[in-house]
Amino acid sequence: MARSNEAEAFFYAVYSAVQEIPYGKVTSYGHIAKLVGFPERPRQVGVCLKHLPIDPQARHNNYNVPWQRVINSKGVVSPRSQPSGSQIQATALRAEGISVQTGALGELTVDLAEYGWFPRVLPSAVDEDDDMSEQ
DNA sequence: ATATTGACCTTTT
DNA sequence: AAAAAGGCCAATA
């Protein structure tokens, strides 16, 4: 089964990375992509998560994967196809104590400064370099 | 079989 | 400052 060994590895890597997200924290698709070693493929991360809770035995599904903790880089829950889906995700996030604000257009925004989880991947890129613009 | 879409991100106007 | 374009590749049409 599976498509290719490469694709399967990517799926599993993504699921593992998502499982690393602490409870009550969120991260972005792009960061997950970086963690698995493919910073240029954030969209495929979404493809992987889309497969998750739908079919229990369709593909490498894993109910232990907290897909809800993955949002886009703007700190907004991805609207996805149906508006209800984002609401479900927002509800799940609130259940973890994450504050999700609803915009006028139904945009579900999360404060990345508070709930964002972005561990640095690079081994030794910057050490004593003080970042002054952080917020 | 080819063509378009999409739970996105970065770089470039 | 905001908007457009490019890129990526599995899944769907």
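The side chain of A:Q44 has C:dC9 as its nearest neighbour among B:dA7, C:dC9, C:dA11. Of all nucleotides listed (B:dT10, B:dC8, B:dA7), B:dC8 comes nearest to the side chain of A:N72. Side-chain proximity of A:K50 to the nucleotides C:dA11, B:dA7, B:dC9 is greatest for B:dA7.
Distance CZ (A:F10) to P (B:dC8): 14 Å, rounded to an integer number of Å. Atom NZ of A:K74 is separated from atom P of B:dT10 by 11 Å (rounded to the nearest Å). The CG-P distance, from A:L112 to B:dC9, rounds to 10 Å in whole Å. Whole-Å rounding puts the A:E8 CD to C:dA11 P distance at 12 Å. Between the P atom of B:dA7 and the CD1 atom of A:I32 lies a distance of 18 Å, rounded to the nearest Å. To the nearest angstrom, C1' of C:dG7 lies 19 Å from OH of A:Y29. Between A:R43 atom CZ and B:dC8 atom P the separation is 7 Å, expressed in whole Å. Counting to the nearest Å, the P atom of C:dG6 and the CZ atom of A:R41 are 19 Å from each other.
Pair assignment for C:dA10 gives B:dT5, based on Watson-Crick or G-U wobble hydrogen-bonding distances that are each under 3.5 Å.
In this structure, a donor-acceptor pair under 3.5 Å is absent between the side chains of A:T91 and A:Q89.
Neither OP1 nor OP2 of B:dA7 sits under 4.0 Å from any side-chain N or O of A:S86. For A:H51 and C:dA10, the shortest distance from a side-chain N or O to OP1 or OP2 is not below 4.0 Å.
Taking the nucleotide of DNA chain B with the nearest heavy atom to each of A:V47 and A:S28, the more 5' of the two is matched to A:V47.
For A:Y115 (side chain) and A:L93 (main-chain N/O), no donor-acceptor pair under 3.5 Å exists by modelled atom type.
A salt bridge links A:E96 to A:R69: one of the charged nitrogens lies within less than 4.0 Å of a carboxylate oxygen.
Comparing the same atom, C1', in C:dA4 and in B:dA7 gives a spacing of 22 Å after rounding to whole Å.
Within 6.0 Å of CD in A:Q101 there are more than 12 heavy atoms belonging to other residues, nucleotides or ligands.
Using a 4.0 Å heavy-atom criterion, one finds that A:E40 contacts the sugar-phosphate atoms exclusively.
Ring geometry for A:F38 against A:F10 counts as perpendicular: the plane angle is over 60°, on a 0 to 90° scale with 30° as the lower cut.
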